[in-house]
2 protein chains.
Amino acid sequence: MMRIGELATRTHVSVRALRYYEEHALLTAERTPSGQRHYPESAVARIHLIQQLYAAGLSSRTIRDLLPCVLDGRATPELLHRLTAQRDHLTTKLAALTATRDTLDRVIANAETSLRTGEACGGGE
Amino acid sequence: MMRIGELATRTHVSVRALRYYEEHALLTAERTPSGQRHYPESAVARIHLIQQLYAAGLSSRTIRDLLPCVLDGRATPELLHRLTAQRDHLTTKLAALTATRDTLDRVIANAETSLRTGEACGGGE
DNA sequence: CTAAAACCTGACGCTGACGTCAGAGGCAAG
DNA sequence: CTTGCCTCTGACGTCAGCGTCAGGTTTTAG
């Protein structure tokens, strides 16, 4: 059982953020008689998962709703629906970001050329 | 030449957002003597590009710096460097999001199974 | 036993990308 | 000329995800 500071350093997530997660029911902790939080090893993985979902653009509310399903396999038809919706949303986003990266690649190639051939440059169109 | 309302409806971006973009030098507009903004057709594409970069996680400041390069091919070595950094950052992000989607796929498959076989369910590990 | 380090609960601050409201001017139609 | 919609410039409001400070307790190191 580790305390909040250790969990923070091990996950590279601030203590404040961990308390914030608990406040928003993304994370629970056992308490010692004096009130300090104690976490099991599994909390590390849980934090990583939470961060992953945040990075995917989910809100804390959404994460809170979907987490039980993700961790315990506890799914209702409605949760399954929301989960699928999020995955589809993510797929769409991935396509958009890939397109953006391609755009950047083209711009970079163009810029490199124009820098080499001497400043002024027309488009590739 | 269109006015701000038309540009807004055509790009599905609010009038407020367009003014915000101008305020932050992402977008410029000609003005009629009475002070109304007038945009050329090319503004539509420009807005789409701005939205694309926002979706990629860039800040308005970053977009402002990189836009001249992206639109006009005007690149300095420093801008080129920043551009490349952004692309690499995006590549990393794409990998992470792809991993997240795979996680969601697994969770969904698991949940579907547990719903079919009757509620309780252990992990696939 | 004591000092330092870590933890606790509020509670206010911050940032970015707008939403929204107020008050006033511009413009095509009848 | 007036009605009605569009536009203008401030300027304050909002929301999430924390950062940060205050004031006090607990745990640990020596």
field: Base-pair map of DNA chain C as dot-bracket, where | denotes pairing with a different strand and pairs are Watson-Crick or G-U under 3.5 Å
entry: ||||||||||||||||||||||||||||||
- line: In whole angstroms, the gap separating C1' of dC18(C) from NE2 of H24(B) amounts to 9 Å
Close side-chain approach of K93(B) and R101(A), heavy atoms under 4.5 Å: no
task: Figure out the CZ/P separation between R3(A) and dT28(D), and round it to whole Å.
output: 5 Å
Heavy-atom neighbours of H81(A) NE2 exceed 12 at 6.0 Å: no
- prompt: Should the heavy atoms of other residues, nucleotides or ligands under 6.0 Å from NE2 of H24(A) be counted, would the total exceed 12?
  reply: yes
statement: Rounded to whole Å, the CG-P distance (L18(B) to dT9(D)) equals 13 Å
- request: Between E22(B) and Y20(A), name the one whose nearest nucleotide on DNA chain D is closer to the 5' end.
  value: E22(B)
message: Could you check whether any side-chain heavy atom of I47(A) comes within less than 4.5 Å of a side-chain heavy atom of Q51(A), counting everything from C-beta outward?
response: yes
query: Going 5' to 3' along nucleotides 19-24 of chain D, which nucleotides have protein heavy atoms under 4.0 Å from the base (write B), which only from the sugar-phosphate (write S), and which from neither (write -)?
result: BB----
query: Are D65(B) and R61(B) close enough for a salt bridge, meaning some N to O gap below 4.0 Å?
result: yes
- request: Give, ordered by number, those residues of residues 32-54 of chain B having at least one heavy-atom distance below 4.0 Å to an atom of DNA chain C; if nothing qualifies, reply none.
  value: S34(B), Y54(B)
task: Would you indicate whether the side-chain heavy atoms of E23(B) and R19(B) approach each other to under 4.5 Å?
output: no
field: Any side-chain heavy-atom pair of R3(A) and H38(A) under 4.5 Å
entry: yes
- line: Between the CG atom in L83(B) and the CD1 atom in I108(A), the distance rounded to the nearest 0.5 Å is 4.5 Å
message: Between P on dT7(D) and CE on M2(B), what's the gap in Å once rounded to a whole number?
response: 12 Å
Between C1' of dC7(C) and CG of L7(A), the distance in whole Å: 14 Å
task: Give the rounded distance in Å between these two atoms: CD1 of I4(A) and P of dT28(D).
output: 16 Å
Integer-rounded Å distance: dG16(C) P and R61(B) CZ: 10 Å
- line: In this structure, CD1 of I50(B) is separated from CG of L67(B) (nearest 0.5 Å) by 5.5 Å
field: Value in whole Å for how far the P atom of dC6(D) lies from CD of E6(B)
entry: 12 Å
message: Less than 4.0 angstrom between a side-chain N/O of S59(B) and OP1 or OP2 of dG16(C), yes or no?
response: no
- prompt: Is the shortest heavy-atom distance from the side chain of L7(B) to the side chain of R37(B) under 4.5 Å?
  reply: no
task: Please work out if R19(A) contacts a base, only the sugar-phosphate, or nothing of the nucleic acid, heavy-atom cut-off 4.0 Å.
output: base
Pairwise side-chain contact, L71(A) with L49(A), heavy-atom cut-off 4.5 Å (strictly under): yes
Contact under 4.0 Å: Y21(B) side-chain N or O vs dC18(C) OP1/OP2: yes
- prompt: Roughly how far apart are E112(B) CD and R116(B) CZ, rounded to 0.5 Å?
  reply: 5.5 Å
query: Which part of the nucleic acid, if any, lies within contact of R31(B), taking any heavy atom under 4.0 Å across all strands shown: a base, the sugar-phosphate backbone alone, or nothing?
result: sugar-phosphate
